[in-house]
Amino acid sequence: MYKITVIPGDGTGPEVIREGLKVLEAVSKKYNFKYETSIFDYGAERYLKTGKTLEDRDIEELRNYSAIYLGAIGHPDVKPGILETGILLKLRFSLDQYINLRPVRLYNAKFCPLKDKRPEDVDFVVVRENSEGLYKGMGEFKDKGTGDEVAIQISYNTRKGVERCIRYAFEYCRRRNKKRKLTLCGKTNVLTYAWDLWQRTFDEVAKEYPDIATDYAHVDATTMWFVKNPEWFDVIVTDNMFGDIITDLGAMIQGGMGIAAGGNINPEGISMFEPIGGSAPKYTGKNVINPLAAICALGMMLENLGEVKAAEAVENAVIKAVTKKLKSLAAGKMGYSTSAVGDLVVKYLD
Ligand code: IPM
Ligand code: MN
């Protein structure tokens, strides 16, 4: 019996989560597993009413669950940073979800903005470090508000934090068993402390994985290769900030935010799965947002829970919807409403 925390959150979050839960119900019947969900109202509305984001005792409550399924966090009436750090990043950090796993997979060449790229050319996974780096929030102002102001933001990298991430990436690459190639994406030519540690750790850990080919690319060059030769990549490991940036580009080359999903993973604890697109305020409540990213995130959650067959069924159903029916992956242009896309996925489950 899986106990799943559901946080629909803000904007279009509730609409896409509703479709994900529809698919979960259907797939659980087909593959004979049981689950229960508890819905939590963390998000902008609650914050605007109570001034509360997410408290330590909320986190303690979440520790009783098998996984978290999250819609979106962020609202135009709340100053940027409050909900993101108070809810999303707080969840990632306090549950030590130190991996952000972001598959970049093109399901239908028609939806790729790159010329002449086929599904087999855009098929890689970014392993983003999810607990350190610039996201640690370390820094200070000096002489704030004066002409001599200095703002310092520190990238905090520990040997242990870097090593567990790199090790996860090697293991993942081996398990994935495709090109068996791991690329370190960094900036060793400028960020000579942080990336020296990453490169040294990468080279040391690589010795334990002689079956995995290794490669290095600077982050700026990585964005170029994503556009020019995405087929070169298999698994990429990188830090928190670079991972954030390159996975938005990754989302675009796989067809857009409507299809891009991610998992915040604690391999020894509670993981959280989410569409990576955000709350899309302008589409809220219109039944036009694409729920496939949330449905793909559900698939990742099932795989993580050990329901591998059910996870495959969800992904295959998404592939069918995307290759046979949808006119576009963009909100309002799919040729189907949000709920009709959820129905299509349910129909294609086998
Ligand atoms: C993401 C988002 C978050 C991040 C924001 C909303 C804090 O952009 O999941 O990629 O920067 O990690
Ligand atoms: Mn991001």
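Computed from a predicted model, the values in this text were never measured in an experiment. Just follow the structure's listing: the first ligand is 1, and inside any ligand the first atom is 1.
Note on ligand 1: Ile276 sits outside its first shell, no heavy atom being nearer than 4.0 Å.
Side-chain atoms of Glu132 and Thr158 form a donor-acceptor pair, as typed in the model, at a separation below 3.5 Å. Inspection of the Tyr209 and Glu171 side chains reveals an N or O donor paired with an N or O acceptor under 3.5 Å.
Considering backbone and side-chain atoms alike, Glu274 places every N or O at 3.5 Å or more from each N or O of ligand 1. Checked by distance only, ligand 1 and Glu84 stay at 3.5 Å or farther apart across all their nitrogen or oxygen atoms. The distance criterion of under 3.5 Å between nitrogen or oxygen atoms is met by Arg102 with respect to ligand 1.
Atom 3 (C) of ligand 1 has Leu88 CD2, 4.0 Å as its closest protein atom, hydrogens excluded (heavy atom only). The protein heavy-atom contact nearest to atom 10 (O) of ligand 1 is Asp244 OD1, 2.9 Å.
Between Phe242 and Trp195, the distance from one ring center to the other falls under 6.0 angstrom.
For the side-chain hydrogen bond (donor to acceptor under 3.5 Å, both in side chains) criterion with Tyr135, the lone passing option out of Asn240, Asp239, Thr85, Asp244 is Asp244.
Of the heavy atoms in Met241, none comes closer than 4.0 Å to ligand 1.
Because the distance cut-off is set at 2.8 Å, Asp244 qualifies as a neighbour of the Mn ion (ligand 2) through one of its N, O or S atoms.
Applying the 4.0 Å criterion to heavy atoms of Arg92 picks out, from ligand 1, the atoms 1 (C), 4 (C), 9 (O), 12 (O). Under a 4.0 Å criterion applied to the non-hydrogen atoms of Tyr135, ligand 1 contributes the atoms 4 (C), 11 (O), 12 (O).
Checking side-chain atoms of Glu15 against main-chain N and O of Gly285 turns up a donor-acceptor pair under 3.5 Å. Listed for the Lys144 side chain is no donor-acceptor partner under 3.5 Å among the backbone atoms of Glu140.
In this structure Gln254 satisfies the side-chain hydrogen bond (donor to acceptor under 3.5 Å, both in side chains) test with no other residue, sequence neighbours excluded.
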